Amino acid sequence: MPLEIIKFSSDEKYKKKVMEISGQNFHKCYQCGTCSGSCPMAEHLTILPRRVMALLQLGVKEELDKSNTPWTCASCHTCMVRCPRGIDIAKVMEALRLIRLRQNINQIEPSNLTKKEIVGLPQIAMVSGFRKLTS
Ligand code: SF4
Ligand code: SF4
C-alpha cells in the first residue's frame, strides 16, 4: 500500500498561546501514552490526551478545534498525577477551551435549552456547564 503523505502547516502562534495560557510545555511529552491509558473519560474523547500533546507539538490547530476532548475532559487530574514528564494536561485542556471561548464560540447555547431541561437539570450542573462551555 503506498504511503499517504499528509500535508499541514504548524501554527506557531497557536502553540505559543496554548503554552502561555496553560503554563505547560507540551514539548516535554515523549508520547508514553500513560495519560490516555489512565483517563476515565477516554471512551468519550474524540482525541486521546497523548494525541492532543502530539498535535500540539506539531501545531495542528484544525484537528484540535474539531475535537470534543477539551470540552469532555473532566479536569480530574489523573493524567497530571501519572505523567512522567510532569505535564498538567488538564491545564492544557483548559487553555484549548479558553482560546475557543475567547472567539465567542459557545459549545452549548443556553437559549436552546427546553423548559423541561431547565426545570429538570440540577441548577449547580447548569451553572458549572455554562461556566465551562459558554463565552
Ligand atoms: S484531566 Fe481530563 S484528560 Fe486528564 S485524565 Fe482527567 S478527564 Fe482525562
Ligand atoms: S503521560 Fe505525559 S509524557 Fe506520557 S503521553 Fe501523556 S503527556 Fe506525554
Side-chain angles (χ1 to χ4, degrees):
M1 204 170 121
L3 271 180
E4 190 190 350
I5 297 174
I6 300 166
K7 288 189 181 169
F8 68 90
S9 55
S10 177
D11 190 332
E12 295 301 315
K13 210 170 141 192
Y14 180 68
K15 286 169 67 170
K16 200 168 161 236
K17 195 100 200 140
V18 176
M19 269 197 212
E20 268 172 19
I21 296 175
S22 68
Q24 303 302 304
N25 180 2
F26 43 76
H27 285 291
K28 288 197 306 185
C29 168
Y30 54 23
Q31 296 290 298
C32 68
T34 305
C35 49
S36 297
S38 312
C39 177
M41 297 301 285
E43 65 182 295
H44 305 289
L45 306 179
T46 52
I47 301 178
L48 292 174
R50 179 200 63 76
R51 194 153 169 258
V52 169
M53 296 298 129
L55 290 170
L56 279 170
Q57 290 172 347
L58 295 169
V60 190
K61 178 178 182 293
E62 308 79 55
E63 289 301 312
L64 293 165
D65 279 351
K66 281 188 274 175
S67 170
N68 77 350
T69 298
W71 310 98
T72 309
C73 163
S75 306
C76 69
H77 290 101
T78 307
C79 50
M80 178 205 74
V81 171
R82 297 191 176 165
C83 175
R85 302 294 282 156
I87 302 169
D88 190 335
I89 299 158
K91 276 194 181 159
V92 174
M93 299 295 182
E94 186 182 20
L96 298 181
R97 290 197 297 273
L98 283 176
I99 289 171
R100 297 286 284 169
L101 292 174
R102 285 175 188 178
Q103 297 165 336
N104 289 330
I105 300 170
N106 286 342
Q107 294 303 302
I108 54 166
E109 195 45 64
S111 58
N112 288 344
L113 288 175
T114 63
K115 204 172 171 182
K116 195 175 163 201
E117 285 168 332
I118 293 169
V119 173
L121 287 169
Q123 291 222 327
I124 190 75
M126 292 228 291
V127 171
S128 68
F130 291 160
R131 288 184 69 181
K132 180 177 176 181
L133 302 168
T134 61
S135 55

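From a predicted model like this one, the values you see are computed outputs, not experimental measurements. Any value given below was found using the heavy atoms of this structure, including those in side chains, with hydrogens, waters and symmetry copies removed.
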Short side-chain to backbone donor-acceptor contact, Ser128 and Ala125, under 3.5 Å: yes

Write down the atom of Gln57, the atom of Cys29, and the distance for their closest heavy-atom approach. NE2-O, 3.0 Å

Looking only at heavy atoms, which two atoms of Thr34 and Cys32 are closest? And how far apart? OG1-SG, 3.1 Å

Can Thr46 and Asn68 be counted as having a side-chain donor-acceptor contact under 3.5 angstrom? yes

Validation row: Ile108, Leu113 side chains within 4.5 angstrom (heavy atoms): no

With a 3.5 Å distance limit and no angle check, can you tell me whether Ser135 reaches the backbone of Arg102 through a side-chain donor-acceptor pair? no

With rounding to the nearest 0.5 angstrom, report the CG to SG distance, Leu48 to Cys79. 11.5 Å

Rounded to the nearest 0.5 Å, what's the gap from CZ on Arg50 to CG on Leu55? Could you check? 9.0 Å

How many angstroms lie between atom NZ of Lys17 and atom CG of Asp11, to the nearest 0.5 angstrom? 11.5 Å

Trp71 and Leu45: same hydrophobic cluster, using ILVMFWY side-chain contacts below 4.5 Å? no

Exercise: identify the closest heavy-atom pair between Thr78 and Ser38: CG2-O, 3.8 Å

Is there side-chain contact between Ile99 and Tyr14, with heavy atoms separated by less than 4.5 Å? yes

Residue Gln123 excluded, over 12 heavy atoms near CD under 6.0 Å: no

Indicate the atoms forming the closest heavy-atom contact of Leu101 with Thr134, along with that distance. CD2-C, 3.5 Å

To the nearest 0.5 Å, tell me how far Ile89 CD1 sits from Cys35 SG. 4.0 Å

State, with a plain yes or no, whether a side-chain heavy atom of Val52 is found less than 4.5 Å away from one of Leu96. yes

Please give me the minimum heavy-atom distance between Ser36 and Ala42, naming the atom from each residue. O-CB, 4.1 Å

With the side chain counted from C-beta on, respond yes when Met41 and Cys76 share a heavy-atom pair under 4.5 Å apart, and no when they do not. no

To the nearest 0.5 Å, what is the distance between CG on Leu133 and CE on Met126? 13.0 Å

Under 3.5 Å, is there a donor-acceptor pair between the side chain of Gln24 and the main chain of Asp88? yes

Non-hydrogen atoms of Arg97 and Pro70 that approach each other most closely: NH1-O, 2.7 Å

Find out if a path of hydrophobic residues (ILVMFWY) with successive side-chain heavy-atom gaps under 4.5 Å connects Leu58 to Val18. yes

Spacing of NZ belonging to Lys132 relative to CG belonging to Leu98, to within rounding of 0.5 Å: 11.5 Å

Evaluate the side-chain proximity of Val92 to Met53: yes if any heavy-atom separation is below 4.5 Å, no if none is. yes

Indicate yes or no: does Glu12 engage Lys15 in a salt bridge with an N to O separation below 4.0 Å. yes

